[in-house]
Amino acid sequence: MTTDHHMQNLLAAVTEALMADDGDDLDTIVSQYAVPRTEVEGFISIIQRLHHTLVGAAPSRRFVGRLKRDLIGNHRQGVVARIRYLPPRVQIAAGAALVAGFMLLTWRRMMDDTRREKQEMVTL
């Protein structure tokens, strides 16, 4: 009877051998761990099927770009795009601040124009 740790080491060695395309030495690996082949045959069969089924694939550029934007964000966004993703209350507050700032600037210009007109009237 083998311990869990001993069995895990055996299965790890079998997996590493298959990943290194050295699957011919499985009998040697099993004999090194002194485990009956019948006891681990089911595990070896599963590892071999997984090795053949799970083939590595490179992700597309589009997928990588989308994943990067999702994870770390896109730093090239403009002000409007940043405001769009804010909560509605913050959007309303930002809009109100923008309108108030525009009104303040307009009011100051009107006051300056009024002062100039008064000064021109006084100098005439």
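As the structure is a computational prediction, the values presented were derived from the model and not from experiment.
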Following the transitive rule for hydrophobic clusters with a side-chain heavy-atom cut-off under 4.5 Å over Ile, Leu, Val, Met, Phe, Trp and Tyr, establish whether Leu98 and Met103 coincide in one cluster. no
Closest non-hydrogen atoms of Met19 and His51, given as atom of the first, atom of the second and distance, are CA-CE1, 3.9 Å
Transitive ILVMFWY side-chain link Phe102 to Met110, under 4.5 Å: no
Looking only at non-hydrogen atoms, find the nearest pair between Leu10 and Val30 and report the distance. CD1-CA, 3.9 Å
Taking the side chain as C-beta and beyond, is there a heavy-atom pair between Thr28 and Gln32 under 4.5 Å? yes
Nearest 0.5 Å, what's the OG1-CD distance between Thr38 and Glu41? 8.5 Å
Does Val14 belong to the same Ile/Leu/Val/Met/Phe/Trp/Tyr cluster as Ile46, with side-chain heavy atoms less than 4.5 Å apart forming each link? no
Can Phe43 be reached from Tyr33 by stepping across I, L, V, M, F, W or Y side chains whose heavy atoms are under 4.5 Å apart? yes
Can Arg115 and Asp112 be counted as an ion pair, charged N to O under 4.0 angstrom? yes
Pairwise distance CG(Asp27) to CZ(Arg37) - rounded to 0.5 angstrom: 4.5 Å
Between CG on residue Leu18 and CD1 on residue Ile44, distance to nearest 0.5 Å: 8.5 Å
Run the numbers on Asp113 and Arg116 for salt bridge (charged side-chain N to carboxylate O under 4.0 Å, His left out), then give the verdict. CA-CA 5 Å; Asp113 289 344; Arg116 282 190 203 126; 3.3 Å; yes
To the nearest 0.5 Å, what is the distance between CD1 (Ile47) and CD (Glu16)? 10.5 Å
